[in-house]
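Notes follow once the structure below has been shown.
Every number for a ligand or one of its atoms is a count from 1 in the order of the listing. The model shown is predicted, which means the values in this text are computed figures rather than measured ones.
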Amino acid sequence: MGTGTATEYRHYIGGEWVRPEGTYAVVNPATEAVVGEAPDATVDEVQAAVAAARAAFDGWSQTSKRERSALLRAAADRWLEKHDELVPVIQAETGTVSALASALQVRMAAARLHEYADLALLDWDDPLPPTPGARPGHRGGELLGAIAVRQPVGVCACITPYNVPVPGVAGKVGPALAMGNTVVVKPAPQDPLGTIELARVFDEVGAPPGVVNVVTGSRPEIGAAIVASAEVDMVSFTGSCTVGEQIYAAGAPTMKRLLMELGGKGAALVLHDADLDTAAESISRTWTFHSGQACVAPTRVVVARARYAELVDRLAAIARVLPIGDPLDPGTVVGPVISGAQRSRIESMIGAGEEAGAAVVVDGRRPDHLERGFYVGPTLLAECTNDMYPVREEIFGPVVAVVPFDDEEEGIAIANDSSYGLYDYVFSTDTPRAYAIARRLRCGNVGINTADRNAHTPFGGFKRSGIGRMDGKYGMATYSELQSIVWPSR
Ligand code: NAD
């Protein structure tokens with residue numbers, strides 16, 4: 001069996017390293033240099049991957065929990081052993097700054113696989129109370145016993161975005177395999193090389209052929225072909241709302257099971273009694289955490305008018321001093337965004353805010369000391385109203401917009417006036433009140449006085465932000481079908 005090498009990447013299909021018909025260049029967002037040539041899948045290659053996953057399903061779904069747990073643990077351990085060779089590749093293709101590259105892009109992938117190695121051992125069987133049999137004319141005396149069990153869904157397509165490529169894949173492959181599904185992984189076109197390295201790790205630790213398949217490609221048609229396949233039972237998708245809508249529609253004829261983790265426009269509701277140090281630090285993660293390329297970023301600040309000027313000043317002071325530039329420089333906090341196309345989109349959204357009357361308090365467009373690379377510096381829009389385009393729509397870049405409110409009910413209404421519902425935040429020193437407000441926010445996750453996440457919580461969105469939940473045992477249940485089994489007592 002051939003293997004992919006650092007310079008020659010291949011598809012991983014049915015336990016074989018398949019030389020692709022074509023390749024495309026993966027570009028370093030910081031230097032615009034080519035990092036490597038990734039396989040550019042054809043529809044035939046995709047179908048081969050789906051067929052391999054289908055062929056492997058019967059065997060894998062019959063394995064014991066221990067066997068599945070052991071495979072995930074071995075993969076996580078091996079991934080960590082290769083940490084030092086993985087960081088440069090993944091950092092180059094994602095543009096992640098050195099301060100985050102190891103923890104966010106490499107270790108988090110292993111943490112997710114380790115977590116599902118543990119959760120694979122969970123007992124999901126749910127014995128139910130017996131009920132009397134109720135056949136017409138039956139003389140009675142019979143009880144019906146029953147159990148609800150969880151079965152794997154089948155072949156699961158894992159389609160992922162570019163921001164945290166390998167942890168994104170691990171967060172799908174982990175629970176899918178733990179539950180007994182087989183997978184076809186299709187990572188984002190911008191940074192697929194780390195995911196091919198993950199396939200190599202599964203291969204090295206002896207994953208049975210076809211249990212994990214990875215195909216990469218530059219064209220949306222490749223993802224679409226996977227979704228359209230009648231041999232795929234479930235699509236676990238993370239990405240934009242627009243593509244999510246297409247997958248929802250395309251999956252209907254084959255009644256796909258769907259996990260949809262889509263966009264966000266997180267409101268940070270800052271009440272009049274908030275600790276502004278905490279609020280400003282949390283909000284500034286939109287700039288300091290992977291250049292705002294995070295669906296959970298608190299990008300829409302909804303602040304009590306009494307604290308508005310003070311908060312804008314504090315945020316501006318932070319935004320102006322954050323070092324932006326080469327991700328390899330250990331002092332850099334803000335690196336590039338993923339591509340020239342994404343930089344243009346972010347710039348045009350800042351421009352749309354300006355035209356609509358927002359004040360560009362800090363303007364990160366085209367930092368002059370950076371001639372190459374796809375950079376947008378921290379940007380702060382103030383004097384916003386909630387109807388402005390960059391306040392309503394996800395930007396997925398280092399841009400924070402601030403909207404003042406007069407009374408708390410208005411603040412809650414503004415926070416909820418969004419088609420998204422992924423992650424909101426409440427900042428107040430009166431935590432019982434913050435808790436009561438959190439319960440009124442129409443979104444899947446709320447942080448009170450923190451932008452940190454608890455990895456065991458069910459993660460997902462209300463409204464346009466998605467369907468279903470990932471993470472922890474909730475995420476694992478998503479990759480199962482409930483089956484009821486009933487029997488007579490005699
Ligand atoms: P995207 O929707 O453009 O692409 C995501 C994936 O879908 C890629 O692999 C892409 O090739 C594939 N794809 C494109 N068209 C397809 C089609 N018709 N059928 C099937 N697959 C198709 O997203 P992106 O630009 O890579 O990532 C940014 C988006 O991801 C943002 O909206 C962000 O909020 C979202 N995101 C959400 C979460 C979450 O957990 N909710 C996490 C990270 C990112």
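- Of the protein's non-hydrogen atoms, Gly239 O, 3.2 Å is the one closest to atom 35 (C) of ligand 1.
- Electrostatic pairing of Arg464 and Glu245 counts as a salt bridge here, judged by a charged N lying under 4.0 Å from a carboxylate O.
- Using a 4.0 Å cut-off to heavy atoms of Val243, the atoms of ligand 1 that qualify are 2 (O), 7 (O), 13 (N), 14 (C), 15 (N), 16 (C), 17 (C), 22 (C).
- With respect to atom 1 (P) of ligand 1, the closest heavy atom belonging to the protein is Ser240 OG, 3.6 Å.
- Every atom of ligand 1 with a heavy atom of Thr238 under 4.0 Å away is listed here by number and element: 5 (C), 36 (N), 37 (C), 38 (C), 39 (C), 40 (O), 42 (C), 43 (C), 44 (C).
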*Go through the steps to decide whether Tyr116 and Arg112 satisfy the test side chain to side chain donor-acceptor pair (under 3.5 Å), and finish with yes or no.*
CA-CA 6 Å; Tyr116 283 104; Arg112 287 186 162 173; over 6 Å; no
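- In this structure, the side chains of Gln91 and Pro327 come closer than 4.5 Å at one or more pairs of heavy atoms.
- Rounding to the nearest 0.5 Å places OH of Tyr12 at 13.0 Å from CD1 of Ile196.
- Salt-bridge check for Lys473 with Asp118: failed, with every basic side-chain N at 4.0 Å or more from each acidic carboxylate O.
- Distance from atom 33 (C) of ligand 1 to its nearest protein heavy atom, with residue and atom name: Phe396 CE1, 3.3 Å.
- Counting heavy atoms under 4.0 Å from ligand 1, residue Gln293 does not touch it at all.
- At least one heavy atom of Ala188 sits closer than 4.0 Å to an atom of ligand 1.
- Contacts between Leu262 and ligand 1 below 4.0 angstrom, taking non-hydrogen atoms only, involve the backbone exclusively.
- Inspection of the Ser465 and Lys463 side chains reveals no N or O donor paired with an N or O acceptor under 3.5 Å.
- In summary, the side chains of Gln105 and Thr96 do present a donor paired with an acceptor at a separation below 3.5 Å, with no hydrogens or angles considered.
- At least one heavy atom of Pro187 sits closer than 4.0 Å to an atom of ligand 1.
- Residues Phe374 and Ile338 fail the side-chain proximity criterion, which asks for heavy atoms closer than 4.5 Å.
- For atom 40 (O) of ligand 1, the nearest protein heavy atom (residue, atom name, distance) is Phe459 CE2, 3.3 Å.
- Regarding atom 31 (C) of ligand 1, its nearest protein heavy-atom neighbour is Glu394 OE1, 3.3 Å.
- Annotation: salt bridge (Lys or Arg N to Asp or Glu O under 4.0 Å) contacts of Arg107 (sequence neighbours excluded): none.
- Below 4.0 Å from some heavy atom of Pro189 lie the following atoms of ligand 1, by number and element: 11 (O).
- Residue contacts with ligand 1 do not include Gly461, since none of its heavy atoms lies under 4.0 Å from the ligand.
- Looking at heavy atoms from C-beta onward, Arg200 lies in side-chain contact with Lys82 at the 4.5 angstrom threshold.
- Distances from atom 21 (N) of ligand 1 to the protein include at least one heavy-atom value under 4.0 Å.
- Atom CZ of Arg442 sits in a sparse spot, with 12 or fewer heavy atoms from other residues, nucleotides or ligands closer than 6.0 Å.
- Using a 4.0 Å cut-off between heavy atoms, Ile222 makes no contact with ligand 1 at all.
- The atoms of ligand 1 that sit less than 4.0 Å from any heavy atom of Pro161 are 24 (P), 26 (O), 27 (O), 30 (O), 43 (C), 44 (C).
- Looking at atom 8 (C) of ligand 1, its nearest protein heavy atom turns out to be Thr160 O, 3.3 Å.
- Looking only at protein heavy atoms, the nearest one to atom 25 (O) of ligand 1 is Tyr162 CE2, 3.2 Å.
- You'll find the side chain of Arg219 reaches within 4.5 Å of the side chain of Ile222, heavy atoms only.
- Atoms of ligand 1 found under 4.0 Å from any heavy atom of Asn163, numbered from 1 in the order shown, are 43 (C), 44 (C).
- Here is the list of ligand 1 atoms found below 4.0 Å of a heavy atom in Ile159: 6 (C), 7 (O), 9 (O), 12 (C), 21 (N).
- Checked by atom type, the side-chain pair Asn386/Arg300 shows a donor-acceptor distance below 3.5 Å.
- The proximity of Gln246 to ligand 1, defined as any non-hydrogen pair under 4.0 Å, is limited to the side chain.
- Crowding of Tyr248 atom OH: a count of heavy atoms from other residues, nucleotides or ligands under 6.0 Å not exceeding 12.
- The protein atom (non-hydrogen) at minimum distance from atom 7 (O) of ligand 1 is Phe237 CE1, 3.2 Å.
- Among the atoms of Lys186, some N or O lies under 3.5 angstrom from an N or O of ligand 1.
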